[in-house]
Amino acid sequence: MCGRFNVSDDPLVQGLLDELGIPLRIEPRVNIAPGAKAQIVYETHQGRTLQDAIWSLLIERKPDGTGYRPSPKYSTFNARSGSLGTSPLWKKRFHSQRAIIPASGFHEWTGEKGHKQCYNIHPAESAIAFAGLYELWDYQEEVVPSFTIITLPPHPRFSHIHPKSIPLMLNSEDFDMWLDPSLTNTDPFQDLLKTRIRQPLLVESIKSPATLEQTGQAERIEPD
């Protein structure tokens with residue numbers, strides 16, 4: 001995915017939080033980019049929490065001391081599914097630090113530079129539960145959460161929108177297993193890591209990710 005998504009405080013997102021057992025409302029945010037803060041759900045032995053986190057797993061202090069930024073050395077806002085079990089960066093976190101990132105839609109662009117068309121992609125009947133990994137960085141005076149979103153190899157019926165990957169979006173029956181920190185055997189997740197469209201998707205052409213104003217009729221992509 002190119003690296004933009006949005007979240008609205010609407011009944012679909014609230015329904016997702018209810019399914020996750022989170023008795024809070026989410027903060028609406030548009031055009032969330034790597035390095036920005038989004039809200040993630042993760043679980044420890046003390047229970048589940050909804051918390052602000054920086055989108056990019058590896059972070060560092062900003063040089064001016066005003067906050068934190070993604071590591072300039074490595075791109076870690078997405079984690080490819082094929083490397084989850086082998087990469088030192090992802091392997092430990094895949095075993096015990098899995099998160100769900102609630103969202104309303106994500107954005108992709110097609111076309112040549114200067115003439116690109118932006119799309120808002122979202123499930124037809126639900127909010128998005130992105131599958132991700134998280135870390136809690138200890139900077140002595142504060143703990144700073146960060147996260148990455150897992151991507152799958154390209155899907156043939158989505159490749160005209162994005163030819164390289166598609167994000168892993170969970171269904172409700174996956175939530176408890178995915179968030180369980182005591183489930184360190186990742187074998188049960190292998191079926192999730194197969195490239196599939198698991199629910200109908202709408203692909204809407206929009207003017208910009210800041211306004212989400214549609215400019216044409218939506219394309220519907222049916223599930224596998």
Side-chain angles (χ1 to χ4, degrees), residues 1-57 59 67-70 77-79 93 97-108 118-137 142-150 167-181 192 198-204 206-214 218:
M1 55 188 292
C2 287
R4 293 288 192 280
F5 69 94
N6 68 84
V7 60
S8 303
D9 180 12
D10 61 23
L12 293 178
V13 174
Q14 191 56 46
L16 172 58
L17 293 185
D18 291 344
E19 286 189 88
L20 290 168
I22 302 294
L24 300 171
R25 300 196 75 85
I26 206 158
E27 294 182 15
R29 299 173 190 183
V30 297
N31 201 21
I32 301 168
K37 288 185 177 181
Q39 291 181 294
I40 70 172
V41 176
Y42 64 89
E43 183 174 333
T44 66
H45 296 295
Q46 285 72 48
R48 290 182 187 175
T49 184
L50 175 72
Q51 192 169 13
D52 268 359
I54 297 172
W55 186 14
S56 281
L57 193 79
I59 59 174
Y68 303 89
R69 69 180 186 181
F77 64 93
N78 286 161
R93 298 172 176 102
Q97 293 170 227
R98 299 176 297 271
I100 288 175
I101 300 90
S104 299
F106 66 99
H107 309 306
E108 303 289 0
C118 182
Y119 294 92
N120 183 45
I121 301 108
H122 61 90
E125 300 163 354
S126 68
I128 294 174
F130 286 128
L133 309 175
Y134 76 95
E135 185 57 81
L136 303 177
W137 299 100
E142 63 178 327
V143 174
V144 183
S146 67
F147 72 97
T148 185
I149 292 176
I150 295 169
L168 174 53
M169 294 174 275
L170 302 174
N171 289 340
S172 57
E173 61 267 24
D174 310 317
F175 295 167
D176 289 344
M177 181 176 68
W178 185 259
L179 291 176
D180 185 354
L192 290 177
R198 305 180 72 214
Q199 49 191 304
L201 297 176
L202 295 181
V203 180
E204 302 166 344
I206 58 173
K207 281 190 175 181
S208 80
T211 65
L212 301 181
E213 181 182 348
Q214 285 188 237

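Note that these values count all heavy atoms, side chains included, but never hydrogens, waters or copies made by symmetry.
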Out of curiosity, Ile101 CD1 to Ile149 CD1, how far, rounded to the nearest 0.5 Å? 5.0 Å

Where does the angle between the aromatic ring planes of Tyr134 and Tyr42 fall among parallel (under 30°), tilted (30 to 60°) and perpendicular (over 60°)? parallel

Name all pairs fulfilling the salt bridge (Lys or Arg N to Asp or Glu O under 4.0 Å) condition that reach into residues 39-49, sequence neighbours left out, sorted by first residue then second. Glu43-Arg48, Arg48-Asp176

Can you list everything that forms a side-chain contact (heavy atoms from CB on, under 4.5 Å) with Ala124? Sequence neighbours excluded, please. Pro200, Leu202, Arg220

Rounding to 0.5 Å, atoms CZ (Arg4) and CD (Glu108) come to a distance of 11.0 Å

Rounded distance [0.5 Å steps], SG in Cys118 versus NZ in Lys207: 13.0 Å

Taking the side chain as everything from C-beta on, heavy atoms only, tell me whether Leu20 gets closer than 4.5 Å to Leu179. yes

Distance-only, no hydrogens or angles: does the Gln14 side chain make a donor-acceptor pair with backbone N or O of Leu24 under 3.5 Å? yes

Determine the minimum heavy-atom distance between Asp10 and Val13, stating which atoms define it. OD1-N, 2.8 Å

Working to the nearest 0.5 angstrom, can you tell me the gap between Ser104 OG and Ile121 CD1? 13.5 Å

Is a donor on one side and an acceptor on the other found under 3.5 Å between the side chain of Thr148 and the backbone of Asn78? yes

Nearest 0.5 Å, please: how far is CZ in Arg29 from CG in Asp9? 11.5 Å

Can you find a pair of side-chain heavy atoms, one from Arg93 and one from Leu57, that are under 4.5 Å apart? yes

Could you tell me if the side chain of Phe130 sits less than 4.5 Å from the side chain of Phe5, heavy atoms only? yes

Donor-acceptor contact below 3.5 Å, side chain Ser146 vs main chain Ala53: no

Run the ring-ring contact (aromatic ring centres under 6.0 Å, His included) test against Tyr119 and tell me which residues pass, sequence neighbours left out. none

Are any side-chain N or O atoms of Asn171 and backbone N or O atoms of Asp174, one a donor and one an acceptor, separated by less than 3.5 Å? no

Test side chain to side chain donor-acceptor pair (under 3.5 Å) on His107 and Asn6; report intermediate values, then the result. CA-CA 8 Å; His107 309 306; Asn6 68 84; 3.3 Å; yes

Using a 4.5 Å cut-off on heavy atoms from C-beta on, say whether the side chain of Leu133 contacts that of Arg98. yes

Taking 4.0 angstrom as the limit, do Lys37 and Asp52 come out as a salt bridge? no

Between Pro70 and Phe77, is any pair of side-chain heavy atoms under 4.5 Å apart? no

Phe147 and Trp55 aromatic ring geometry - parallel, tilted or perpendicular at 30°/60° bounds: parallel

Give, for atom CZ of Phe175 and atom CD1 of Ile100, the distance between the pair rounded to the nearest 0.5 Å. 5.0 Å

Taking the side chain as everything from C-beta on, heavy atoms only, tell me whether Glu27 gets closer than 4.5 Å to Gln39. yes

